[in-house]
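Everything below concerns the one structure shown next.
This structure is a prediction, so every number in the text was calculated from the model and none was measured.
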Amino acid sequence: MEPERLERRCPRLGSDVTFGYCKVCGEEKTPCFKVFDCWWERFDVVAHMQDCLSPQVFAALSASRTPPDKVASLVELIRQAQARGAQD
Ligand code: SF4
């Protein structure tokens, strides 16, 4: 099946959308900034977008992803909470 026809529930709209919609729903028909987060479990969305987009647009899209240090901060907060729980 063409990836454009795949469907999922959109966390922003609260309704079902196709991947084809996600590819063009941003400003000036660019992909939604959450396209990697929403589709990585379904197929290789990074490779697909790299094939479809100009290097500049792909780089801008990649830069809009959640920064890895935010994830690291969350992991550290969980670790600290677990350490506090072990002391109680
Ligand atoms: S990529 Fe954007 S438009 Fe598509 S499902 Fe995710 S949040 Fe919704």
Side-chain angles (χ1 to χ4, degrees):
M1 177 190 278
E2 293 286 316
E4 282 76 6
R5 296 174 62 188
L6 294 171
E7 290 186 12
R8 63 155 286 151
R9 188 156 186 85
C10 172
R12 298 177 70 201
L13 300 176
S15 58
D16 289 349
V17 296
T18 63
F19 175 67
Y21 169 81
C22 301
K23 280 180 75 172
V24 298
C25 68
E27 285 182 28
E28 298 179 14
K29 295 197 182 287
T30 55
C32 175
F33 70 97
K34 287 181 67 65
V35 76
F36 294 136
D37 295 335
C38 288
W39 291 98
W40 69 271
E41 291 174 294
R42 303 286 296 277
F43 67 101
D44 190 350
V45 64
V46 175
H48 180 84
M49 297 311 287
Q50 199 163 17
D51 286 346
C52 294
L53 301 173
S54 70
Q56 294 84 0
V57 175
F58 180 77
L61 184 64
S62 299
S64 67
R65 299 175 77 178
T66 305
D69 57 357
K70 191 169 183 178
V71 175
S73 299
L74 287 170
V75 170
E76 178 60 18
L77 285 173
I78 292 167
R79 191 195 63 73
Q80 289 173 5
Q82 287 173 333
R84 276 195 304 273
Q87 290 172 353
D88 292 341

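Note on Phe19: it clusters hydrophobically with Phe36, by side-chain heavy-atom contacts below 4.5 Å among ILVMFWY residues. Residues Phe33 and Trp39 fall into different hydrophobic clusters, defined by Ile, Leu, Val, Met, Phe, Trp and Tyr side chains chained together at heavy-atom separations under 4.5 Å. By the criterion of side-chain heavy atoms lying less than 4.5 angstrom apart, applied directly or through intervening Ile, Leu, Val, Met, Phe, Trp or Tyr residues, Met1 is grouped together with Met49 in one hydrophobic cluster. Hydrophobic clustering keeps Trp40 apart from Val17 (ILVMFWY residues linked when any side-chain heavy atoms are closer than 4.5 Å, directly or through intermediates).
Looking only at side-chain heavy atoms (C-beta outward), Pro11 and Lys34 come within less than 4.5 Å of each other. Side-chain contact between Val24 and Thr30 is absent, with no heavy atoms from C-beta onward closer than 4.5 Å. The shortest distance between side-chain heavy atoms of Tyr21 and Leu13 falls below 4.5 Å.
Among all heavy-atom pairs drawn from Val45 and Val35, the shortest one is CG2-O, 4.0 Å. Across all non-hydrogen atoms, the minimal contact from Glu4 to Thr18 is O-CB, 3.3 Å. Residue Phe43 comes nearest to His48 through the heavy atom pair CE1-CB, 3.8 Å, listed as atom of the first residue, atom of the second, then distance. Taking every heavy atom of both residues into account, Arg9 and Asp16 meet most closely at CA-OD1, 3.6 Å. The shortest heavy-atom contact between Cys38 and Arg8 is O-NH1, 2.8 Å.
Distance alone, capped at 3.5 Å, places no donor-acceptor pair between the Arg42 side chain and the Leu6 backbone. Remark: the backbone N or O of Cys32 is not paired with any side-chain donor or acceptor of Arg12 at under 3.5 angstrom.
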